[in-house]
There are 2 protein chains.
Amino acid sequence: MTRERLMRELIQTRPFDPPEAEAFFNLLKTEEMLSTRLAETLKPFGLTPSQYNALRIVNGSGVEGIPSLEIGERLITRVPDVTRMIDRLVEKGLVERRRSDRDRRVVRVFITPAGKQLVESAVKPLRKFQKQWIGVLSDDDQAELNRLLYKLRYRD
Amino acid sequence: MTRERLMRELIQTRPFDPPEAEAFFNLLKTEEMLSTRLAETLKPFGLTPSQYNALRIVNGSGVEGIPSLEIGERLITRVPDVTRMIDRLVEKGLVERRRSDRDRRVVRVFITPAGKQLVESAVKPLRKFQKQWIGVLSDDDQAELNRLLYKLRYRD
DNA sequence: ACACAATAGTTGTTATAACGTATATTATGG
DNA sequence: CCATAATATACGTTATAACAACTATTGTGT
C-alpha cells in the first residue's frame with residue numbers, strides 16, 4: 001500500500017494529520033523527483049531548467065527579442081532575479097541584451113545563433129524526458145491529474 | 001477551459017508538445033504555488049519550510065536526539081547541506097548539537113525548550129494551511145491525486 | 001595488527017532564491 | 001509645464017541549493 005510507503009519514507013508512525021498532509025507531501029516529493037530528473041537531463045547542455053525555459057522563451061520571440069520583464073512573466077516557475085539570470089545567459093553567449101529605443105527603461109533580449117542551436121539540441125532529450133516520466137500515466141490519468149491540479153490552483 | 005488558461009499563462013499558442021508537458025507544467029506550477037503559501041505561513045515563525053520540517057523531526061526524536069544524517073534522510077524535500085541548516089537552527093537557539101560518545105563521527109541533534117515551543121506554536125497554522133489549500137479537493141479527489149502521484153513516483 | 005574502504009560531518013565554493021533598495025525613465029494629473 | 005507616481009532594470013545582501021573536497025572516525029578484510 002502506497003501510503004505506508006510514504007510513511008516509511010518519512011519514518012512516520014501515526015496517520016497523516018490532517019489527512020490533507022498526505023497529498024501535500026506527495027506533491028512536494030513528486031515535484032522534487034521530477035525537477036531533479038529534469039535538471040539532470042539539462043545538465044549536459046550546461047543549463048538549469050529555468051535557464052532553458054528562459055532561452056526557449058527568448059528563442060520563441062524571434063528577431064524582435066523580448067523585454068526582460070516579459071521573460072519573467074512567462075517563466076513556468078518564478079525567477080525573482082531575472083536580471084542576473086540573463087546576465088549568466090549573456091556570459092554564455094546564448095543571448096544578447098539591447099536597450100529599447102522606444103522606452104529607455106526596457107531591455108530587450110535576443111537569442112544568439114549559439115543560443116538557438118542549444119535550444120534546438122535540447123528539444124528532443126526534453127521531449128523524451130517528459131514522455132518517459134509523465135508517460136507512466138495513461139492519457140486518462142494525465143487528464144485526471146490535470147483536472148485535480150487545475151482545481152488546486154484555480155480553486156474553481 | 002483550464003488548458004487554455006495554462007496556455008494563456010505561458011503565452012503559448014501551440015498545443016502542448018508532447019501532451020505530457022501539460023501535466024508536468026501543472027505539477028511545477030501547483031507545487032510552486034503551495035510552497036510559496038507554505039513559506040508565507042511559516043515566515044512569522046522565522047522559519048523556512050525545511051527548517052520547520054527539520055525541527056519537527058528533531059522534536060519527534062525526544063530526549064535521545066537524532067543524528068544529522070538521519071535528519072537529512074527524513075526530510076520531505078532534500079536538503080543537500082544539512083550541516084549548515086542545523087548551524088542556523090543552533091544559532092536560533094532551537095536545537096543543540098552533541099557529538100556521540102559511541103561513535104565520534106556522529107553528531108546528535110536535540111530540541112531545546114525554545115525549539116519545542118516553536119514547533120508546537122506552528123502546528124495549528126500549518127494544519128490550517130493544509131486544510132485550506134488541499135481541502136479544496138474532496139476526499140475522493142485527494143485519494144485520486146495521491147494515487148496518481150504515487151504512480152508517478154513509484155511507477156508501479 | 002594494519003592498510004584500506006566506508007561513513008559522518010564539515011568546509012569551500014558557485015549558482016540561485018529572495019527580498020529590498022537604488023537608479024533611470026516614462027506616465028499621470030494638476 | 002512640472003511634480004510626483006509608476007515602471008523597468010540593476011544592484012546589494014543574506015539564505016539556501018548543490019557539488020565536491022576535506023577531515024576524522026569506524027568498519028572490514030587479510
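Order of the sequence lines fixes the chain letters, A, B, ..., with proteins taken first and strands second; residue numbering starts at 1 for each chain. The analysis underlying the following values was restricted to heavy atoms, covering all of them including side chains, and did not include hydrogens, waters or symmetry mates.
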What integer distance in Å separates [X]:[atom1] from [N]:[atom2]?
{"X": "A/Ile71", "N": "D/dA8", "atom1": "CD1", "atom2": "P", "result": "14 Å"}
{"X": "A/Ile76", "N": "C/dA17", "atom1": "CD1", "atom2": "P", "result": "14 Å"}
{"X": "A/Leu69", "N": "D/dA6", "atom1": "CG", "atom2": "P", "result": "17 Å"}
{"X": "B/Leu38", "N": "C/dA18", "atom1": "CG", "atom2": "P", "result": "12 Å"}
{"X": "B/Asp87", "N": "C/dA8", "atom1": "CG", "atom2": "C1'", "result": "15 Å"}
{"X": "B/Asp81", "N": "D/dC22", "atom1": "CG", "atom2": "P", "result": "17 Å"}
{"X": "A/Arg102", "N": "D/dA8", "atom1": "CZ", "atom2": "P", "result": "13 Å"}
{"X": "A/Arg108", "N": "C/dT25", "atom1": "CZ", "atom2": "P", "result": "18 Å"}

Student check: side-chain heavy atoms of B/Leu137 and A/Lys151 closer than 4.5 Å: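 Yes. Closest side-chain heavy atoms under 4.5 Å.
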Donor-acceptor pair (no angle test) under 3.5 Å: A/Arg105 side chain, D/dT9 base: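 Looking at the base of D/dT9, it does not pair with any donor or acceptor on the side chain of A/Arg105 (distance under 3.5 Å).
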Pair of N/O donor and acceptor under 3.5 Å linking D/dG12 base with A/Arg84 side chain: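 Flag set: donor-acceptor pair detected.
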B/Phe129/A/Phe24 aromatic ring centres below 6.0 Å: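 For B/Phe129 and A/Phe24, the ring centres are under 6.0 Å apart.
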Please classify the nucleic acid contact of [X] as base, sugar-phosphate, or nothing, using heavy-atom distances under 4.0 Å.
{"X": "A/Gln51", "answer": "sugar-phosphate"}
{"X": "A/Arg78", "answer": "sugar-phosphate"}
{"X": "A/Arg99", "answer": "sugar-phosphate"}
{"X": "B/Thr83", "answer": "base"}
{"X": "A/Glu70", "answer": "nothing"}
{"X": "A/Asp103", "answer": "sugar-phosphate"}

Closest-nucleotide ordering on DNA chain D, the 5'-leading residue of A/Ile86 and B/Met85: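 Looking at the nearest nucleotide for each, A/Ile86 comes out on the 5' side.
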DNA chain D: 5'-proximal contact among A/Val107 and A/Lys43 (nearest heavy atom):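 Per heavy-atom nearest nucleotide, the more 5' residue is A/Val107.
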Hydrophobic cluster membership, A/Ile57 vs A/Leu69, 4.5 Å side-chain cutoff: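 Not linked; separate clusters.
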Side-chain (B/Asn146) to main-chain (B/Gln142) donor-acceptor, under 3.5 angstrom: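 Checked: pair present.
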Exam field: side chain B/Ser61 to backbone B/Val58, donor-acceptor pair closer than 3.5 Å: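 Yes: the side chain of B/Ser61 pairs with the backbone of B/Val58.
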Contact under 4.0 Å: A/Arg97 side-chain N or O vs D/dA8 OP1/OP2: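 For A/Arg97, the contact criterion (side-chain N or O under 4.0 Å from OP1 or OP2 of D/dA8) is not met.
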Candidate nucleotides C/dT25, D/dT9, D/dA17, ranked by approach to the side chain of B/Val79 - the nearest: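 Per side-chain heavy atoms of B/Val79, the pick is D/dA17.
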